[in-house]
Amino acid sequence: MSEDLLEKGYEPKEVERRLYAKWEADGMFAAADSSDKPSFSIVIPPPNVTGVLHMGHALNNTMQDILCRYRRLKGDNVLWMPGTDHAGIATQNVVERKLAADGKDRHELGRDKFIEAVWKWREEYGSAIINQLKHLGASCDWQRERFTMDKGLSKAVRTVFVKLYDQGLIYRGMYITNWCPRCQTALSDLEVEHKELNGHLYHIRYPLADGSGSVVVATTRPETMLGDTAVAVHPDDERYRDLSCDTVILPLMDRKMPIIQDTYVDRAFGTGALKITPAHDPNDFEIGQRHNLPSIKVIADDGRMTADAGRFEGMDRFECRKAVVAELKAQDLLVTMDDHKHGVGHCYRCKSIVEPNLSRQWFVKAKVLAQPAIEAVQSGKTRIIPEIWTKTYYDWMLNIKDWCISRQIWWGHQIPAWTCQECGELVVAMDAPGRCRKCNSEDLVQESDVLDTWFSSALWPFSTMGWPEHTDLLKTFYPTTVLVTGFDILFFWVARMMMMGIHFMGEVPFKDVYVHALVRDEEGKKMSKSKGNVIDPLVVIEQYGTDAFRFTLAAFAAQGRDIKMSEQRVEGYRHFINKLWNAARFSLMHLDSGHDHIDADHISLPDRWILARLNKVTGQVAQCLDDYRFNEAAGAAYQFVWHEFCDWYLEAIKPALYDDSRGPAQAAAKQVLWTVLRDILVLLHPFAPFVTEEIWDKLPGTRGSIMLARYPEPEDYVADQDGLNRAEGEMRTVMDIITGIRNIRGEMNIAPSARLEAAVASPLDDVRQTVTTQQDLIVNLARLNALAVQENDLHSATAATAIVTDATIMVELKGVVDFSQEAQRLEKEIGKLTKELTGIGKKLSNPGFLSKAPEQVVSDVREKQVLLSEKQDKLAATLEKVKSFIQI
RNA sequence: GGGCGGAUAGCUCAGUUGGGAGAGCACCGGCCUUACAAGCCGGGGGUCACAGGUUCAAGCCCUGUUCCGCCUACCA
């Protein structure tokens, strides 16, 4: 017996800490810069440096880790590139809040000091999420960890910016953008969250300048009228064709402005007259450009009214709205005020209501970059899985708008552009130019804006591998094999990586994109702090162990469906981990050495059967993982280990293991047990890395980490493949017989301790032979006294009968049980058969079925009908006997 | 407004070319059978949302309806 017996229960905490440290120390996660092995690479979706591990991270990284560990076992050179994102606005907000707690704000500190404070903050707290990933078991190549603000990545960012600018794909200009008055920065369209709010639609009368009447306009934001510079109507609108005057007077401001005609106006909405505020509405801005209208900015960057708002100056924008409405009412210019539901943009970071605002910003001409990114997916260079997301991807890419990349914050990559203070020349360059190239002045000032965080993330697949240098790493691992990500950042991130990767590397950044679902709470709601329904993965890990948690995530990760997480489910998989542990514990009691050979001449039916099953299941699990069907992979492994290996195989070989007189048969059983357990560990390792490594370490005959093991291949076991395949059928018969007897026992409440007499009858020679050779096994697992094997059914009035394929089982019950129970049991069984036979009969009496269904299907159904009705007849005959016996 | 997904056992969900409705948990009955009571053995339970259609045959394909959920959008 092995000396390394396992403890009675698996205690994950200590094991996880110890093994992870060892893996890291031994460099088990390290990728080779170049290698003869096939390459497999994943770049991690870099978590925000401010982040704490949530369920989304846990799922996302568990999947990546399963793939990486699996590919290592398959023999690949695996790179899992880790890192974090500087998360511009998010991080700045966090640090600002921290300053505010000390009664300070960033403007007091100044830009340089503030950035210093952010770096300091990052040093202190920024590795939190990395440590949490380690708790999850993530096998990232930590030596290569990157940060979107580190030196190399910053260089990549500047290089890309300069190139795109030189190529005319980046430009600067005054445009309407989404503006967050709280964060005081522009936001991209994607960073705005639209929520339906109950507001009002105000109808306001604008008098005609000649006093002959008025035009009524409708708006949801009356305060913006202070910045109106025109009223627009549709050119074909009859209502406004014959106005006596083409000028109106803007109420409250007494400003004359034109009535213009533009086809943008929807005649059916409101009154068909649209007030135009070029400085505060994106559509109005475009109309304004078309008609050369002036823009008057009445809402300042901080959300307060400007001097151009006249007497409303200094008011908050919402306060001003009330004031404007009140004045309009007083002047009898407010025609109606209707309830109106409409979408309102909110800042995705601070949830403030976003204000469309006119400002000078930098943009990327996205359409040019999008086209090749569309084609790459169409041609299959990049596959999106599940495929359903390709349509979403196309839709967005085809309608893509220019990407506003400048942000008016301090934390981020400062835009590498300088303006000459003498002549106004704009210089875009990698580094600060010493002099103006035009006027030679030394007085150059760098843009204060920084880049959108997603600009640097877009370069992640190649910037982390050393680009713009031509590194071995890039050669070996770019394009990456697969990107694993949630659909919530499909546009933010995936689409932009596609664009940048193709543009700068000339190749797609990843061959596959696996898009997984969201993790929700038990009721299917999104987890959020405000709802208080957040389940902390670290708490789950603490309570149930990492392996149980990972297995749960994998088992529930069906493609295209959100996961509802509850602790109860994790508990179920903890049981599984414990089951594995105990199975290993049992095995180790009987294994004292490794085995590189199986004595095929002495292996038993259960031995051959479990090898055949292992063979199939390893192939199945591998195929599922290759197809990103994590739940099926986990399910197949679970079913095999628990319900085939533990429930049947281990029970079946116990007699051989305990009986030393069996010599070669015992030896063969140990060889098979060792082999199957070894491969089960490897099979499960990607899902449950810790417990498998811990058992591996205790398993005699294994050397080094399980991470160095080889994933089992079909030809690994015995040469006799036919024998293996036959074993499945033979074992099926044996198991059916055992289950049949157990069923009688259970249904009739016969104590397990009661040893029974049973007989199996079959007209088929090979069935009888199987049963005869497996007599001991059946006697043992069905808890019999003796088992007779015969050709013809033996009708006993005092026996219970069960019928399985090609065999009849009889269990003698005389003196054991009350026979009325057996009559009831038989009636129930016959009832089931009758129901099934009715369905089959209907089918077979349908001429359409007989003539049109494939021959195979028809004959299968016929065969089944014969089988079932034979069974029914036998049971009916038995029932008669039992009844007559009762009457006696 | 446009688009997408879901509706299957009490609960959570699988169900990949249309051909015998499954799992886990929960529930009921019986077991401390020398790895495991975090276990073992057995069992009950479903008009596959609704209405049509295609087909010999539909949980699966088509059309429509209802109810959830999500994404997206410049109707002031």
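Naming: A, B, ... by sequence-line order, numbering from 1 per chain.
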Q.
Under a 3.5 Å distance rule, please check whether Asp228(A) uses its side chain to pair with a backbone N or O of Ala230(A) as donor and acceptor.
A. no
Q) Is a donor on one side and an acceptor on the other found under 3.5 Å between the side chain of Arg755(A) and the backbone of Leu784(A)? A) yes
Which value, in whole Å, describes the distance between the [atom1] atoms of nucleotides [N] and [M]?
N	M	atom1	result
G43(B)	A35(B)	C1'	26 Å
G19(B)	C62(B)	P	16 Å
A7(B)	C28(B)	P	29 Å
C70(B)	C48(B)	P	28 Å
U16(B)	C50(B)	C1'	27 Å
A9(B)	A23(B)	P	14 Å
G15(B)	G6(B)	C1'	15 Å
A14(B)	U54(B)	P	31 Å

(Q) Check this for me: Glu387(A), atom CD, are more than 12 non-hydrogen atoms of other residues, nucleotides or ligands nearer than 6.0 Å? (A) no
Partner of [N] by Watson-Crick or G-U wobble geometry, both contacts under 3.5 Å, or none?
N	result
C50(B)	G64(B)
C40(B)	G30(B)
A57(B)	none
C4(B)	G69(B)

Remember a base hit wins even if backbone is also touched, and classify [X] as base, sugar-phosphate or nothing at under 4.0 Å, heavy atoms.
X	answer
Thr739(A)	sugar-phosphate
Arg783(A)	base
Asn846(A)	sugar-phosphate
Gly272(A)	base
Lys391(A)	sugar-phosphate
Lys843(A)	sugar-phosphate
Asp647(A)	sugar-phosphate
Leu850(A)	nothing
His203(A)	nothing
Pro854(A)	base
Lys832(A)	sugar-phosphate

Q.
Starting the side chain at C-beta, find the nucleotide from A73(B), G19(B), A76(B) nearest to Leu274(A).
A. A76(B)
Looking at [X], I'd like to know whether one of its side-chain N or O atoms comes within less than 4.0 Å of OP1 or OP2 on [N].
X	N	result
Lys852(A)	G19(B)	no
His194(A)	U72(B)	no
Lys842(A)	G19(B)	no
Trp396(A)	G2(B)	no
His280(A)	C74(B)	no
Lys401(A)	C74(B)	yes
His340(A)	A76(B)	yes

(Q) If you assign each of Thr220(A) and Asn743(A) to its closest nucleotide in RNA chain B, which residue comes earlier from the 5' end? (A) Asn743(A)
Q) Which comes earlier along RNA chain B counting from the 5' end, the contact point of Ala218(A) or that of Glu632(A), where each point is its nearest nucleotide? A) Glu632(A)
Q) Does the distance from a Lys or Arg side-chain N to an Asp or Glu carboxylate O, for Arg574(A) and Asp547(A), drop under 4.0 Å? A) no
**Q.** Non-hydrogen atoms of Thr220(A) and Tyr202(A) that approach each other most closely
**A.** O-CE1, 4.0 Å
Q. Are any non-hydrogen side-chain atoms of Tyr638(A) and Tyr573(A) less than 4.5 angstrom apart?
A. yes
Q: Verify the distance criterion only: is there a donor paired with an acceptor across the side chains of Glu191(A) and Tyr348(A) at less than 3.5 Å?
A: yes
Q: Using the ring of Phe586(A) (Phe, Tyr or Trp, six-membered ring only), decide whether Lys654(A) places NZ or CZ under 6.0 Å from its centre and within 45 degrees of its axis.
A: yes
Q.
Is it the case that A35(B) (base atoms only) and Glu651(A) (side chain only) share a donor and an acceptor within less than 3.5 Å, ignoring hydrogens and angles?
A. yes
Q. Checking only heavy atoms, does the side chain of Tyr264(A) share a donor-acceptor pair with the base of C75(B) at less than 3.5 Å?
A. no
